[in-house]
Amino acid sequence: MNLEKIMNDLEKKHPGELEYLQAVREVLESIEEVVNQNPQFEAKGIIERLVEPDRILTFKVPWVDDNGKVHVNLGYRIQFNNAIGPYKGGLRFHPSVNLSILKFLGFEQIFKNSLTTLPMGGGKGGSDFDAKGKSDAEIMRFCQSFMLELWRMIGPETDVPAGDIGVGGKEIGYLFGMYKKLTREHVGVLTGKGLNWGGSLVRPEATGFGAVYFAQEMLATRGLTFEGKTVTVSGFGNVTWGAISKIAELGGKVVTISGPDGYIYDPDGISGEKIQYLLELRASNQDIVKPYSLEFPSAQFVAGKRPWEVKCDVALPCATQNELAKTDAENLVNNGCICVAEGANMPSTPEAVEVFLHHKMLFGPGKAVNAGGVATSGLEMSQNSLKYNWDREEVDQKLHQIMRNIHAACVKHGKREDGYVDYVKGANIAGFLKVANAMLDQGVI
Ligand code: NDP
Ligand code: 2IT
């Protein structure tokens, strides 16, 4: 495989799509050796077919605010690859959303979904809509307008969207309502649904829980546990909430959370009623974590900075892409951090990942660590097909086993001769092989 030629061609075709090109390069570097050992992949153009999405829908989303003013946002759905199952992946509503970000997320989703062992292909979508400061009625009208275009493209056996940044249970409800109205079908076309109308127990906390289960497995390879460990976490959304709840349960002490305004350092640990407060803060639709420091005097607010300068044993970046740079990685190493598990998608820059691997840290990449979210979406789809609901314990056990299996797959494909496990390589190879072999079976399409 001529990696540089493939990358040069992609850069020419998609200039400026930095996040997408970053994600593709990382995967191709990991799988280069495997592709070279299997000439059938090159003969059938697997890589060239894998790096381009099957199709992209871009559409206009007009909506009217509470004062009667008209707004127009952009909407997207990217159907990347459906070799192993229907397209599956979240919707992101955030002002930073653009084609490059959604293409990187959709591309990553192919391998992540393959790792879950469930039959799901890769997709992603979203909008540059900013929910901050919007009323419920405005969010509802926006979601309805978004679905007026999207519905033709999706379906329970075709493409099953879910949440991501800015899309939680509330938005999924409004989107589902409009889909149902248009098609007159009550089907599992979205995941992350409410419990009373097809949702699964554990889905809200699944990404964070799964990330911690994966980190537990990584720590166990060195005979360690979360008990008594100091943990830094970023973000204060859905993934962060699930992760810090589980870490507290396992006896770890979470000392940071963050928002776009800065980070909170709480040396007493964030658990119990503090997590409850975090949820309230999040629901208030604000963009800030500062109020936490006013509510809990043990906490300090550090404006405009990220939490990676705080001494910790384990770090979980759970906010957004490229939020942990080389100097942050060096700070973590110098402060004695032993394990970094990515709850967010691609939160560490390539240079930061190099630092982690160079120092032989336990480093779990997002597509493996945060796969518990989409895995539990897959379990929600199974329950919808069965027209049956599993109890909380059953879903949690299945999630836990899936995370153990993903960890084992990473070790199988990522273990070096000296015993060090390169989880980046392991996750990319394991995720790739299943999809590539399915593509071979299905011919050039
Ligand atoms: P949420 O919208 O619930 O939370 C995202 C959080 O991160 C918000 O608090 C957001 O604040 C904050 N944030 C956004 N940008 C920054 C920034 N630059 N610095 C610090 N904080 C920031 O989203 P999720 O928790 O669902 O998603 C978080 C990450 O996890 C994303 O990378 C997502 O792709 C990934 N993920 C999510 C899954 C899921 O099931 N939800 C599954 C797998 C991965 P604000 O909104 O105010 O900007
Ligand atoms: O990035 C992700 O894996 C998600 N946002 C969850 C996708 C899903 O379909 O549950």
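As the structure is a prediction and not an experimental result, all values here were calculated from the model. Heads up: numbering here begins at 1 and tracks the sequence. We count ligands from 1, going down the list as the structure has it; atoms in each ligand are counted the same way.
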Over 12 foreign heavy atoms within 6.0 Å of NZ, Lys180: no
Distance-only N or O hit between ligand 1 and Asp164, under 3.5 Å: yes
Can you tell which part of Arg306 has a heavy atom less than 4.0 Å from ligand 1: side chain, backbone, both or neither? neither
Select one of side chain, backbone, both or neither to describe which atoms of Gln321 lie under 4.0 Å from any atom of ligand 1, heavy atoms only. neither
Classify the contact between Cys318 and ligand 1 as side chain, backbone, both or neither, using a heavy-atom distance cut-off of under 4.0 Å. backbone
In terms of side-chain heavy atoms, does Glu380 have a donor or acceptor partner in Thr191 at a distance below 3.5 Å? no
Side chain, backbone, both or neither: which applies to Arg203 and ligand 1 if a contact is any heavy-atom pair less than 4.0 Å apart? side chain
What atoms of ligand 1 come within less than 4.0 Å of a heavy atom belonging to Gly259? 20 (C), 21 (N)
Are any of the N/O atoms in Asn238 less than 3.5 Å from those in ligand 1? yes
Any idea which part of His94 is under 4.0 Å from ligand 1, heavy-atom wise: side chain, backbone, both or neither? side chain
Can you find an N/O atom of Asn345 closer than 3.5 Å to an N/O atom of ligand 1? yes
N or O pair under 3.5 Å between Ala344 and ligand 1: no
Is the shortest distance from a heavy atom of Gly366 to ligand 2 less than 4.0 Å? no
Using the side chain to side chain donor-acceptor pair (under 3.5 Å) rule, take Arg306 and Ser258 through it: C-alpha gap first, then chi angles, then the decisive distance, then the call. CA-CA 7 Å; Arg306 293 163 176 168; Ser258 74; over 6 Å; no
Once you restrict to heavy atoms under 4.0 Å, what part of Asn370 touches ligand 1? Side chain, backbone, both or neither. both
Ligand 2 contact by Arg92, heavy-atom criterion under 4.0 angstrom: no
Give me the ring orientation class for Phe80 and Tyr20: parallel if the planes are under 30° apart, tilted from 30 to 60°, perpendicular past 60°. tilted
Give the contacting part of Gln109 toward ligand 2: side chain, backbone, both or neither, where contact means a heavy-atom distance below 4.0 Å. side chain
Which bit of Leu105 is near ligand 2, meaning a heavy atom under 4.0 Å away: side chain, backbone, both or neither? neither
A student comparing Arg203, Lys112, Lys367 should find that the heavy atom closest to atom 6 (C) of ligand 2 comes from Arg203
With a 4.0 Å cut-off on heavy atoms, is Ser234 touching ligand 1? no
Just which atoms of ligand 1 are under 4.0 Å from any heavy atom in Arg92? 31 (C), 32 (O), 33 (C), 34 (O)
Run the contact test for Met346 against ligand 1 with a 4.0 Å cut-off on heavy atoms, strictly below, and give the result. no
Do the rings of His400 and Tyr213 sit parallel, tilted or perpendicular, given the 30° and 60° boundaries? parallel
Checking contacts here: is it the side chain or the backbone of Met120 that comes within 4.0 Å of ligand 2, counting heavy atoms only? Could be both or neither. neither
Describe, in one word, how the ring planes of Phe142 and Phe146 are oriented to each other, choosing from parallel (under 30°), tilted (30 to 60°) and perpendicular (over 60°). tilted
Nearest heavy atom to atom 2 (O) of ligand 1: which of Ala375, Gly166, Gly168 does it belong to? Gly166
Parallel under 30°, tilted from 30 to 60°, perpendicular over 60°: which one fits the rings of Phe296 and Tyr292? tilted
